[in-house]
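In the text below, chain A, chain B and the rest are named by the order of the sequence lines, each starting its count at 1. These values consider heavy atoms only, across backbone and side chains, with no hydrogens, waters or symmetry-generated copies.
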Amino acid sequence: MSDTPKLRIRDLKKSFGAKVVLNGIDLDIGAGESVVVIGGSGTGKSVLLKCIIGLMEPDSGTIEIDGENVVGLPRSEREAYMRKFGMLFQGGALFDSLPVWENVAFGLMASKQVDRADARKVAIDKLAQVGLSEDVAALSPSELSGGMQKRVSLARAIATDPEIIFFDEPTTGLDPIMADVINDLIVKCTRELGATGLSITHDMASARKIADRMAMLYQGKIIWAGPVSEIDSSGNDYVDQFIHGRAEGPIQMAVRRG
Amino acid sequence: MNPLAAIGRGFLTLLATTGRIGLFASAAIGHCVRPPFYPRLILRQFIEIGYYSLPVVGMTTLFSGMVLALQSYTGFARFSAEGAVATVVVLSMTRELAPVLAGLMVAGRVGAAMAAEIGTMRVTEQIDALTTLSTNPFKYLIAPRVIAATISLPILVLIGDIIGVFGGYVVGVYKLDFNAANYISSTIQYLERMDVISGLVKAAVFGFLIALMGCYHGYNSRGGAQGVGAATTNAVVTASIMILVANYVITEMFFAD
Ligand SMILES: Nc1ncnc2c1ncn2[C@@H]1O[C@H](COP(=O)(O)OP(=O)(O)O)[C@@H](O)[C@H]1O
Ligand SMILES: [Mg+2]
């Protein structure tokens, strides 16, 4: 592993109006590493991912990809970095106007690497990688169950062989068995691609399975980061409360967040 | 509450919204004229907006032409000007009624559908997904709709012109006992090219406005099903008002001298 991390985030800040969501995030992710950011609902996990991918512009701070800062780059140059990314969206975000295979092959066809016939072959390959047969290729996403949609979404995220894959709550809304299937697929697919992974979740079982390293987001900052093996002995009260899912502790659930 | 402050705030919001729509429109136009283009998607929208609107535009203009003939006949009989019926029908249809009625009907049908579809794609993160898959949502979603609507509306209106005039003819000849040949010749006699062209220009502008409002409200919708519902209503209301305002402005440009 080289010295420059694949992804280095420094003092990243993002507010919406008066509401501070990210308040100085520092995070490093090495090449080939899988980092999971844990945190409660509404703590800004999705906002963090969107800032890194380039769907949102942070207010300040730096995001370096392979040592190059991408914050403030013009749209066209930012898009070049997006090609290195794959993203599994929280709700799947499959295009319901297109059949499954066109969803999976969308990125390939959009970047003009391949024509439709070849793209279809790649799509069926990728579907096989996530355990789906050729039969589903022609179906519409709305005909699939939630777990199947997640798999298709995963196939779409890995279809362009991205260098970094982002997972936004990959197991939320799935039953525990399907969640575990998705976890296994995430581990397998990122490993096969040799890709770097950044996941966000509040599902601890999933986090333990996917992560090499974990980081906890609380009140706009990373309050703890370390290898998975140390998560149970972090000595951090906030982390302890979160991983054991206790209502009592330093983290207070606000009804309305300022 | 200070009423002046409320008025001032309302005015500032209006200015800000106008500015945002202006920026959105210029971005949309920019993407309509620069490659890559998506011919498949333009064609699909063309069918959706143009072809499937044919029945509703046909019915609307048919009955408008018919009622126009009936109304102008009974009205003009009071000063023995029944002979002007054919001319009144054709001028009203081409200059005014076909574009405005088609515009309003299509705004209700297509503008709402666009806002709902794009709004749903926004709240289910499909628009974000497009961006991460090296596809610009303005090129993929908005440009095809704007192009297709701007081209389809004039075609729809031209067809509506013909159907409306035909409606007037049917009432004129079969109910009001006009001589068929005379009716046709007085339809053509006073019709000028500018009458038809102004109507088609209006139609193109209305088509653009319908797609723009449908896309703008869909693209900026927030907050789940309720947000999408609001976007749909706003798209139809704003498009309808803009059509009526633009209709006056264009008429003024063509015919006031
Ligand atoms: N586009 C936006 N405009 C305004 N507020 C937003 C926007 N996106 C997210 N937020 C706010 O930021 C906070 C963090 O949201 P999010 O990152 O989605 O949380 P989560 O950790 O559950 O993924 C939420 O309180 C949300 O209301
Ligand atoms: Mg989230």
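Nearest heavy atom pair, residue K50(A) against residue E125(B), reads NZ-OE2, 3.2 Å.
Heavy-atom proximity under 4.5 angstrom to chain A picks out A129(B), L130(B), T131(B), T132(B), L133(B), S134(B), T135(B), Y140(B) from residues 129-157 of chain B. Residues of residues 27-64 of chain B lying under 4.5 angstrom from chain A, judged on non-hydrogen atoms, are R40(B), R44(B) in numerical order. Scanning residues 201-238 of chain B against chain A with a 4.5 Å heavy-atom cutoff picks out nothing at all. Residues of residues 144-157 of chain A placed with any heavy atom under 4.5 Å of a heavy atom in chain B are listed by number as R156(A).
The environment of CD in E134(A) is sparse: at most 12 heavy-atom neighbours from other residues, nucleotides or ligands sit within 6.0 Å.
Taking chain B as the reference chain and counting heavy-atom pairs below 4.5 Å, the highest number among I53(A), L55(A), L94(A) is found for L55(A).
Within the 4.5 Å cutoff, no side-chain heavy atoms of F89(A) are placed close to those of Q126(B).
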